[in-house]
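Values below: every heavy atom of this structure, side chains too, minus hydrogens, waters and symmetry copies. Indexing begins at 1, ligand by ligand and atom by atom, following the structure's order. Fair warning: this is a prediction, and the values are worked out from it, not measured in the lab.
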Amino acid sequence: MGNSGQNLVPEYSLDRDCTTLSRHVLQQFSSFTTEAQDISAIMSRVALAAKLITRRLSRAGLMAGALGFTGETNVQGESVKKMDIYANDVFISVFKQSGLVCRLASEEMEKPYYIPENCPIGKYTLLYDPIDGSSNVDINLNVGAIFALRQQQGDDIDQTGSDLLQNGHKQIAVGYVLYGPSTVLVYSLGKGVHSFILDPSLGEFILAEENIQIPTHGPVYSVNEGNYWQWEESIREYIRYVHRHEGYTARYSGALVGDFHRILLQGGVFLYPGTVKNPAGKLRLLYESAPLAFLAEQAGGKASTGTERVLDVIPEKIHQRSPLVIGSVEDVKLVESFIQDWTRRESEGVREMSARNK
Ligand code: AHM
Ligand code: MG
């Protein structure tokens, strides 16, 4: 090993041209309009929240009161973690003085949070999951955040947020933050999917990859197989199919953002179908499934409830759940074909196993 280091790529070459997130967002618009400036400012605020949360997560095990449960239960009936509350409050505080976002709606708040002083200027609503996969927090594994920006429709005088109950095509900007070995921010404004890595020494998100494309097929299937007993027969048949065919490998981290990120880069499928306990699955449409569906489609992939395009679903309530099958086009279609097969056989009263599983 006499030439140690000679074959290493110099560190500076990885910085490329140092395109920062805010510069990249502005480049997505053809001119320097008010909208371009607003969206760029909003994305910078999301980035600030991500930096604050990164800092907290990186030292959480050394701080008193950062880990564990609060003892409260949220609107979904799930136990709340201290980190969920911290991250939710970070989003509130970075947007409170922004003058840009008029409402915030999150997994941790039953009703939207109104910032009336911002409303005359910025009629935007940010929907978000402040800590996605929070069961990973206490054991120092990856977690994430998911966000979606929508334009407020109408005045919302009675403050019910009913105008948020629209399909996923109404999303203006979507993305997620993955808190892993490095902090990664992935976003789309409807012109491709782009990823940025936080350089802690600069405190900036630097462009890592532009126009990411999901492979049309990948080896990974990502699902909580502990729910096998709770699934519809069609999903069980699909899982038996991948068990019996070469070329599949299972990956499931318990944090959707991390599992989706793997599939975005390497292909495959993530699924959270309905279960006996939750017939519509576990994931929430407005701030989990719909933003990721937007990203998947922008990257040439597909997102389905199993029977319908996720982006077409119109929710009836803000915290509505929906089944999710997302990732490579071929793999999502394969899952859908098992569901269609089963539905057809059921309607014909044919109960035996499909030919593909024999
Ligand atoms: P959370 O946002 O409350 O953490 O819930 C969402 C998470 C996803 O990140 C993950 O894919 C899923 O719940 C895991 O659920 P399960 O433990 O049922 O497999
Ligand atoms: Mg979540």
- Message: Is there a polar contact between ligand 1 and Asn227, counting only N or O atoms under 3.5 Å apart?
- Response: no
- Message: At less than 4.0 angstrom from any non-hydrogen atom of Tyr252, what atoms of ligand 1 do you find?
- Response: 11 (O), 12 (C), 14 (C), 15 (O), 16 (P), 19 (O)
- Query: So, do His24 and Tyr187 have ring centers that fall under 6.0 Å from each other?
  - Reply: yes
- Item | Side chain, backbone, both or neither: the part of Glu108 lying under 4.0 Å from ligand 1 by heavy atom | neither
- Distance only, no hydrogens: is a donor on one side chain within 3.5 Å (strictly under) of an acceptor on the other, for Asn142 and His261? no
- Query: Is it true that the NZ or CZ of Arg56 lies under 6.0 Å from the centre of Tyr86's six-membered ring and within 45 degrees of the ring axis?
  - Reply: yes
- Before signing off on this row, confirm whether Ala255 and ligand 1 have an N or O atom pair separated by under 3.5 Å. no
- Message: Please work out, at 4.0 Å between heavy atoms, whether the side chain, the backbone, both, or neither of Asn224 comes within that distance of ligand 1.
- Response: side chain
- Begin with the C-alpha distance, continue with both residues' side-chain angles, and end with the deciding distance and a verdict on side chain to side chain donor-acceptor pair (under 3.5 Å) for Glu225 and His243. CA-CA 12 Å; Glu225 293 200 49; His243 286 175; 3.0 Å; yes
- Task: Mind checking whether Phe270 contacts ligand 1 via backbone (N, CA, C, O), side chain (CB onward), both or neither, at a 4.0 Å heavy-atom cut-off?
- Result: side chain
- For ligand 1, which atoms sit closer than 4.0 Å to a heavy atom of Arg284? 1 (P), 2 (O), 3 (O), 5 (O), 6 (C)
- Message: For Asp129, which part has a heavy atom under 4.0 Å from ligand 1: side chain, backbone, both, or neither?
- Response: side chain
- Message: Can you see whether Thr54 engages Thr183 through a side-chain donor-acceptor pair at a distance of less than 3.5 angstrom?
- Response: yes
- Message: Closer than 4.0 Å to some heavy atom of Asp132 - which atoms of ligand 1 meet that?
- Response: 2 (O), 4 (O), 6 (C), 8 (C), 9 (O)
- Pairs flagged by ring-ring contact (aromatic ring centres under 6.0 Å, His included) wherever residues 265-286 is involved - sequence neighbours left out: none
- Message: Evaluate Leu283 for polar contact with ligand 1, using N/O atom pairs at a separation under 3.5 Å.
- Response: no
